[in-house]
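Just follow the structure's listing: the first ligand is 1, and inside any ligand the first atom is 1. Since this is a predicted model, take the numbers as computed values, not measurements. Just so you know, residue 1 is the first one in the sequence shown, and it goes up from there.
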Amino acid sequence: MKRVVHAACPHDCPDACGVLITIEDGRATRIQGDPDHPVTRGFLCAKVAKYLDRVYSPDRVLYPMRRVTPKGPVTHPAVAGDGARATQAFQRITWDEALDEIKQKFESIIAQHGPEAILPYSYGGTLGALNGASMDRRFFHRLGASQLERTICSDAGELGLQSVIGIKMGTEPEQFVHSRYIIAWASNIHGNNVHLWPFIEEARRKGAKLVVIDPYRTRTAKLADWYLPINPGTDAALALGMMHVIISENLFDADYVSRYTVGFEDLKARAQQYPPEKVAHWTGISAADIRQLAREYATVRPSVIRVNYGIQRSDGGGMAMRAVTMLPCLIGSWKELGGGLQLSTSGAFGLNTEALKMPELMQKSLGRPARVVNMVQLGRALNTLTAPPIQALFVYSSNPAAVCPNHNEVVRGLKRPDLFTVVHEQFFTDTTDYADIVLPATTFFEHKDLQTAYGHYYLQISNQAMDPLGECRSNVDLFRALAGRMGFDDECFRETVDSMIDRALDSPNPLLQGITRERLEKEPFIRLSFGPAERSSPGAENFAPFLPFAQGNFPTPSGKAEFYSEALRQQGLDPVVAFAPPEESRHGSSSKASGFPLELLARKPDNHLNSSFANIPSVRQMEPWMGDLEMHHSDAQARGVRDGDRIRAFNARGEIVLRARVDGAVPPGVVAARLDWARFSPGGGNINVLTSEKLTDLGNAATFYSVCVEVEVFRA
Ligand SMILES: Nc1nc2c(c(=O)[nH]1)N[C@H]1C(S)=C(S)[C@@H](COP(=O)(O)OP(=O)(O)OC[C@H]3O[C@@H](n4cnc5c(=O)[nH]c(N)nc54)[C@H](O)[C@@H]3O)O[C@H]1N2
Ligand SMILES: Nc1nc2c(c(=O)[nH]1)N[C@H]1C(S)=C(S)[C@@H](COP(=O)(O)OP(=O)(O)OC[C@H]3O[C@@H](n4cnc5c(=O)[nH]c(N)nc54)[C@H](O)[C@@H]3O)O[C@H]1N2
Ligand code: SF4
Ligand SMILES: [Mo]
């Protein structure tokens with residue numbers, strides 16, 4: 001029998017594609033984009049187009065496993081597609097045995113150290129509302145485990161954005177077709193947000209100009225009308241320089257500013273300190289280009305900024321995002337169809353996440369909120385925390401032994417013989433190399449979920465298309481079972497998936513009005529309730545575009561866009577905005593930078609998703625850069641490095657051997673490499689051996705893109 005099931009891609013990607021899965025006799029035989037989805041419009045990125053290779057990979061974890069060898073990888077280096085070798089470290093056990101062992105270990109750790117000696121560790125494996133954060137949180141709250149501060153990705157930028165406009169919301173992707181001037185700012189649209197691209201192409205056919213601001217010549221930069229390579233971590237300076245020009249040349253929207261913003265005089269005074277000549281010194285962009293950019297941005301209308309999270313992965317990431325967010329408020333482009341700015345749209349969904357996560361369960365276990373541990377500093381936490389030390393780590397939806405900064409410290413912690421580590425996974429990853437117990441996880445083909453997005457405004461149900469393979473369980477089912485085994489008799493651990501979806505939708509958010517599970521099950525995607533025409537699609541006559549800030553209405557403390565933030569001042573931060581060079585950078589003050597003159601971009605692969613997909617041979621084939629360090633020819637020449645040479649990249653935290661690629665992707669002073677599994681590297685570490693645990697100015701987030709290194713020819 002053949003049927004087609006509607007699902008939604010849950011990977012950590014702004015696009016949240018509508019997906020159609022064909023099932024024949026219980027087996028998935030085809031995946032395609034849902035052609036009716038108004039934003040993702042029937043195509044999938046290259047990696048998910050090959051998803052059957054992932055679901056049916058011979059390397060899937062299908063049964064619970066217990067370690068029988070010492071912790072660490074079986075062999076180095078491994079090759080993608082050879083996951084079977086990793087299984088040699090384990091023996092198959094039953095779910096009952098696995099759950100019993102976890103219960104016994106947890107109970108003895110709790111007896112000795114208290115429950116906060118247990119640390120959950122999860123991030124972006126799935127962004128499904130339920131499998132991302134619901135039963136798991138309930139379980140760990142009820143247990144009284146340490147809380148994980150999940151800031152490895154986006155918090156600096158989110159707080160920077162919210163400090164100005166109050167909410168994670170912005171220009172709809174559909175509106176980009178109306179833009180005449182589009183800035184892709186730290187945004188590799190073609191690689192990481194590919195469904196925005198057709199809207200931009202359509203705008204360009206009508207004459208729009210695309211400007212890319214990125215230190216790395218991405219696919220998007222290569223296709224731009226104007227590419228501005230910027231020194232990493234200097235965006236706040238560029239935005240301030242643009243505001244200097246816009247204000248001093250009177251190109252701002254005085255009416256919008258006076259009605260809907262606060263703090264203009266403070267901003268004006270601040271911007272005066274950033275003339276283009278001074279900004280050029282930090283950014284590497286000439287004063288003439290800064291002037292031209294500012295003038296064009298303010299006058300070629302509507303102009304829009306697609307800014308992405310690359311901007312906030314350095315010390316001053318929060319302030320950088322704050323500065324960029326001020327631009328559309330200054331020129332009043334929020335008023336225009338195809339104007340404004342988009343970082344994330346996720347704040348519009350406003351699901352009732354409290355009801356899913358139930359933090360009040362901590363009252364039952366501890367009688368207070370549990371200790372908070374920052375996920376970026378996992379190495380430090382495993383190696384140095386006391387009172388209590390971390391004795392158990394429960395990893396799911398994440399691969400910290402690949403994605404966490406300061407990899408060597410992470411591995412040192414994971415190797416601790418007294419640490420009990422459980423990993424719930426689809427694959428034998430770098431992290432399962434250190435697991436005592438591995439549990440098999442479903443893919444989105446095998447479970448049901450509710451899917452929001454951070455790059456558009458459509459809510460979707462992702463239906464279960466087929467039975468779980470082997471003995472795989474979804475995150476929801478795993479933590480339900482574990483709660484039962486631990487003897488937690490609270491009603492919430494028996495709640496069904498459908499009831500949880502209902503509860504998530506039962507929120508005071510007006511944009512969810514009229515959206516129910518029953519409706520979502522009939523209409524596979526529903527635009528948030530912006531107005532009477534929310535059900536129609538773009539292009540339809542009654543389509544109502546979403547212009548949230550056309551008349552102010554900023555959900556900030558003042559109700560206006562805040563060039564001056566009293567809330568930041570109260571936290572001891574700059575209430576306006578300023579630029580300071582990242583400590584680890586060419587203009588930085590840190591001793592960590594001395595002796596390491598090159599700025600490293602430890603990038604995401606265009607065709608993988610962080611560490612996901614790196615182990616799927618058909619996908620890996622699309623990334624010829626894995627294992628390469630891209631260099632400018634002047635930096636290569638100065639070190640006697642030729643294209644193709646094996647080189648050693650190093651700093652005080654670690655070193656890695658890579659192959660030099662001198663291909664013009666990076667400007668002088670910058671080198672770049674891609675995130676890979678550590679297991680595939682001859683030395684057993686990935687690029688995160690060089691990155692640091694330093695946190696950002698806002699949001700305690702990661703600083704993957706402010707890292708200094710030196711490079712030399714490798715002599716074995
Ligand atoms: N193909 C693919 N898609 C993905 C992912 C992936 O790994 N692969 N990851 C997903 C995830 S987790 C996220 S968070 C999103 C993030 O998507 P993006 O925000 O696009 O994330 P990044 O790739 O980190 O950064 C974007 C660009 O910023 C540039 N950049 C780095 N430092 C600076 C800087 O200081 N200033 C400026 N102006 N630019 C800078 C980088 O060179 C990069 O090209 O993408 C998601 N989509
Ligand atoms: N050097 C460097 N490091 C980075 C970044 C970078 O740009 N450069 N980017 C950072 C960013 S932005 C992010 S968001 C993080 C991402 O870090 P992670 O969230 O750890 O992302 P992934 O590497 O995709 O690993 C997710 C894992 O979850 C598993 N998984 C998928 N679905 C499920 C499920 O339903 N249940 C369970 N139990 N497991 C599942 C996948 O198989 C995969 O191994 O990486 C960060 N690390
Ligand atoms: S990873 Fe992104 S682009 Fe690819 S299918 Fe999923 S949502 Fe779409
Ligand atoms: Mo991310």
Can you tell me if Ser154 has a non-hydrogen atom under 4.0 Å from ligand 1?
-> no
Among protein heavy atoms, which lies nearest atom 17 (O) of ligand 1, and at what distance?
-> Asn192 ND2, 3.2 Å
Heavy-atom proximity to atom 1 (S) of ligand 3, picking from Gly191, Cys45, Gly455, points to Cys45
Give the atoms of ligand 1, by number and element, whose distance to some non-hydrogen atom of Pro232 is under 4.0 Å.
-> 35 (O)
Check if Ser314 has a non-hydrogen atom at a distance under 4.0 Å from any atom of ligand 1.
-> no
Applying a strict 4.0 Å limit to heavy atoms, is Gly124 in contact with ligand 1?
-> no
Side chain, backbone, both or neither: which part of Tyr309 has a heavy atom under 4.0 Å from ligand 1?
-> both
Residue, atom name and distance, where the atom is the protein heavy atom closest to atom 25 (O) of ligand 1 = Gly310 CA, 3.1 Å
Ligand 3 versus Ala16: contacting region, heavy-atom distance under 4.0 Å = backbone
For the student: nearest non-hydrogen atoms of Ala16 and Thr452, plus distance = CB-O, 3.4 Å
How about His456 and Phe199: are their ring centres within less than 6.0 Å of each other?
-> no
Ligand-residue contact atoms, ligand 1 with Gly233, heavy atoms, under 4.0 Å | 34 (C), 35 (O)
Ring center gap for His244 and Tyr274 short of 6.0 angstrom = no
Short check: any N/O/S atom of Cys9 below 2.8 Å from atom 6 (Fe) of ligand 3?
-> yes
Numbered in order shown, the ligand 1 atoms found under 4.0 Å of a heavy atom of Tyr454 are 11 (C), 13 (C), 15 (C), 46 (C)
Give a yes/no on ligand 1: does His11 have at least one heavy atom closer than 4.0 angstrom to it?
-> no
Among all protein heavy atoms, pick the one closest to atom 2 (Fe) of ligand 3 and tell me residue, atom and distance.
-> Cys13 SG, 2.3 Å
Looking only at protein heavy atoms, which one is nearest to atom 3 (S) of ligand 3, and how far off is it?
-> His195 CE1, 3.5 Å
Top protein contact for atom 8 (Fe) of ligand 3, by heavy-atom distance = Cys17 SG, 2.3 Å
